[in-house]
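Here is the naming used below: chain letters follow the sequence lines, and residue numbers restart at 1 for every chain.
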Protein chains: 2
Amino acid sequence: MEKNRTQFAILGMLSLQPMSGYDFRKTAGQCLGYFWQESYGQIYPALKHLLEKRYVTRRRRRSKGKPDRHMYAITDRGRKAFREWMGQPAAVEKKRNEMLLKIFFGGKNDVNAQIRELENLRETNEKLLAELKDIDDWHVRNYDHHALTPYWLITIRFGIRRISALIEWCRESVKMLRHLPREVVSSVPDPIDFYFKSRGE
Amino acid sequence: MEKNRTQFAILGMLSLQPMSGYDFRKTAGQCLGYFWQESYGQIYPALKHLLEKRYVTRRRRRSKGKPDRHMYAITDRGRKAFREWMGQPAAVEKKRNEMLLKIFFGGKNDVNAQIRELENLRETNEKLLAELKDIDDWHVRNYDHHALTPYWLITIRFGIRRISALIEWCRESVKMLRHLPREVVSSVPDPIDFYFKSRGE
DNA sequence: TAGAGCATGTAATAGGTTACATGATTAG
DNA sequence: CTAATCATGTAACCTATTACATGCTCTA
């Protein structure tokens, strides 16, 4: 099997419980949202492939008023492929943070607009942090609810730490931008020596 | 202009100093590496596009023993397009962390292998953290070296906070995995109610 | 003498987003 | 009446990785 990770994310969810493509999107959004995201454009083709390879089975379930649903369940073949994938070392994703890229080059022309963007980011993430802490609490109180609880706590705490760090960084950066030197040194001694070169590398 | 970010990353670097595609790869790897990455398969086609749109100019520079280099410089048109892009709100990247995904589903069969993976991650990032702190120090000591220094410090500190959080998370997670309940509760009361559903959502 | 670094680039493939199409029900 | 939710899926793009091709020089 190739390394299409969407398929493994789906297999993983199906290993917990049978569900439809729509369910997967929704459930994954809630449980994995802060470190894994999928869109329908990937999910439905992936389910098709999984079915062809007999890693999953499909049953049509009718419902009144709503469209029919395709309920998928993992097979033994699927479970085997999933376990194999789980054993392999995790790949590291490419990092891309457009806001950082823009800040590196001097950010917005209007410093106040830049500050507002950072404040917004902080506020959004403060809400997210509160939610994650609630989820953490719930799992601590219901530690015996599911065999995977300790693992879920580990992933949640990744989110909590990462988001807390982001919030602190927003605060610090806003402070720095507020105390920016008014008259900025605009002449660079030697353009060849900018940034790293000048550190003697 | 479209929203091919590779082109803007290149324009940004060229706004600091003229350079070749090879230089860009190298310099970007050093200055932006912990939040932005590009491969040659994107860089060279992007330079071609930038040239066609006359956002950059190209001069061939010969050198003995080494292949010829194509030196690119940003034009006024390019600078204008770049400034326009800089003013727009930054897009948020899709999050994808394969290690977290695997941990969510129970991680490696062998808990010790999982612990080793986390320890490796921590060690790698401790080295990276030390490097970033050195760079931070250098910029603090040479605050007047370049007009963009405060901005560079902001991006570096993002890296420092993010990596510190990761390191702490690794430590905590290893501890949790070491104290995992031996006999794991393997029966789930009601599979429909796993994770979120059971929190009353 | 093997491998790394310098330096350019392309082609095949894989991965991912977005908009669209369909159409009923339910909540505001 | 409007918008959201339910639910499936496709097609047209765009984005990105990987392997390959070329060939010289310097270091171990």
Side-chain angles (χ1 to χ4, degrees), chain A residues 1-10 13 18-30 32-33 35-52 56 58-72 85 91-98 101 201, chain B residues 1-10 18-30 32-33 36-52 56 58-72 85 91-98 101 201:
Chain A
M1 189 161 179
E2 339 87 67
K3 17 84 227 206
N4 177 327
R5 280 107 85 258
T6 302
Q7 291 180 47
F8 290 109
I10 294 174
M13 276 296 171
M19 59 177 80
S20 68
Y22 191 85
D23 288 339
F24 171 76
R25 173 87 210 269
K26 205 161 166 277
T27 317
Q30 291 177 316
L32 320 173
F35 62 85
W36 199 267
Q37 292 159 354
E38 303 281 1
S39 62
Y40 290 126
Q42 297 159 259
I43 295 167
Y44 288 114
L47 281 167
K48 208 180 189 179
H49 280 129
L50 288 170
L51 195 62
E52 278 161 14
V56 301
R58 171 160 83 174
R59 273 174 304 155
R60 170 168 278 111
R61 190 194 275 179
R62 298 176 190 290
S63 33
K64 25 119 210 16
K66 290 176 187 177
D68 288 358
R69 335 177 62 215
H70 288 158
M71 292 300 284
Y72 294 88
W85 175 75
V92 178
E93 311 300 315
K94 189 164 97 176
K95 287 157 211 151
R96 291 211 133 184
N97 186 323
E98 196 177 301
L101 185 66
E201 283 191 359
Chain B
M1 188 162 179
E2 339 85 67
K3 26 128 216 161
N4 178 328
R5 280 109 84 256
T6 302
Q7 291 180 45
F8 290 108
I10 294 173
M19 58 178 81
S20 68
Y22 191 86
D23 288 339
F24 171 76
R25 173 85 211 268
K26 207 163 163 274
T27 317
Q30 291 176 318
L32 320 173
W36 199 267
Q37 291 158 355
E38 301 281 2
S39 62
Y40 290 126
Q42 296 158 259
I43 294 167
Y44 288 114
L47 281 167
K48 207 182 190 179
H49 280 128
L50 289 171
L51 194 61
E52 278 161 13
V56 300
R58 171 160 82 173
R59 274 174 304 155
R60 170 168 277 110
R61 191 194 274 179
R62 296 175 192 290
S63 34
K64 26 120 209 34
K66 291 175 185 175
D68 288 358
R69 334 177 63 217
H70 288 158
M71 291 299 286
Y72 294 88
W85 175 73
V92 178
E93 310 301 313
K94 189 163 98 176
K95 287 159 212 149
R96 290 211 133 183
N97 185 323
E98 196 178 302
L101 185 66
E201 282 191 1

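- Within the structure, a side-chain polar atom (N or O) of B:S39 is placed less than 4.0 Å from OP1 or OP2 of D:dT17.
- With 3.5 Å as the limit, one finds no donor-acceptor pair spanning the side chains of A:Q30 and A:T27.
- Ranking D:dA16, D:dG9, D:dA7 by closeness to the A:H70 side chain, first place goes to D:dG9.
- What separates CD of A:E38 from P of C:dG15 is a distance of 11 Å, to the nearest Å.
- Distance from the side chain of A:Y72 is smallest to D:dG9 among D:dT15, D:dG9, C:dT10.
- The shortest distance between side-chain heavy atoms of B:R5 and B:W36 falls below 4.5 Å.
- Residue A:L50 contributes atom CG, which lies 13 Å from atom P of D:dG9 at whole-angstrom precision.
- A close approach under 4.0 Å does not occur between any side-chain nitrogen or oxygen of B:T6 and OP1 or OP2 of D:dT15.
- Counting only distance, with no hydrogens or angles, the side chain of A:R25 and the backbone of A:E38 share a donor-acceptor pair below 3.5 Å.
- The shortest distance between the side-chain N/O atoms of B:Y22 and the OP1/OP2 oxygens of C:dT8 is not below 4.0 Å.
- Between B:K95 atom NZ and C:dG16 atom P the separation is 16 Å, expressed in whole Å.
- Side-chain proximity of A:R58 to D:dG9, D:dA16, D:dT17: nearest is D:dG9.
- Residue contacts for A:R60: at a heavy-atom cut-off of 4.0 Å it reaches no nucleic acid atom on any strand shown.
- When each of A:H70, A:R61, A:M71 is paired with A:S20, the side chain to side chain contact (heavy atoms under 4.5 Å, CB included) condition holds for A:M71 and for no other.
- With rounding to whole Å, B:I10 atom CD1 is found 14 Å from D:dT15 atom C1'.
- Between B:R5 and D:dA16 there is a side-chain N or O to OP1 or OP2 distance below 4.0 Å.
- Within the structure, a side-chain polar atom (N or O) of A:K94 is placed less than 4.0 Å from OP1 or OP2 of D:dT17.
- Closest to the B:K26 side chain, of the nucleotides D:dG9, C:dG9, C:dC6, is C:dC6.
- Atoms CZ (B:R62) and P (D:dG23) sit 17 Å apart, rounded to a whole Å.
- Taking CZ from A:R96 and CG from B:L32, the interatomic distance works out to 10.5 Å, rounded to the nearest 0.5 Å.
- Distance CZ (A:R61) to C1' (D:dT8): 16 Å, rounded to an integer number of Å.
- Taking atom CE of residue B:M71 and atom P of nucleotide C:dC6, one finds them 15 Å apart after rounding to whole Å.
- Taking every side-chain heavy atom of B:Y44 into account, C:dG9 is the closest of D:dA7, C:dG9, D:dT15.
- Annotation: side chain of B:Y40 is not in contact with side chain of B:F24 (no heavy-atom distance under 4.5 Å).
- Atoms CZ (A:R25) and P (D:dT5) sit 12 Å apart, rounded to a whole Å.
- Of the two residues near DNA chain C, B:D23 and A:G41, the one whose nearest nucleotide lies more 5' is B:D23.
- Ranking D:dT15, D:dG23, D:dT8 by closeness to the A:Y40 side chain, first place goes to D:dT8.
- For B:Q42, taking side-chain heavy atoms from C-beta onward, the closest of the listed nucleotides D:dT10, D:dA16, D:dG9 is D:dA16.
- Of the side-chain N and O atoms in B:K66, none sit less than 4.0 angstrom from OP1 or OP2 of C:dT8.
- Across all strands shown, A:R96 has heavy atoms under 4.0 Å from sugar-phosphate atoms exclusively, and none from any base.
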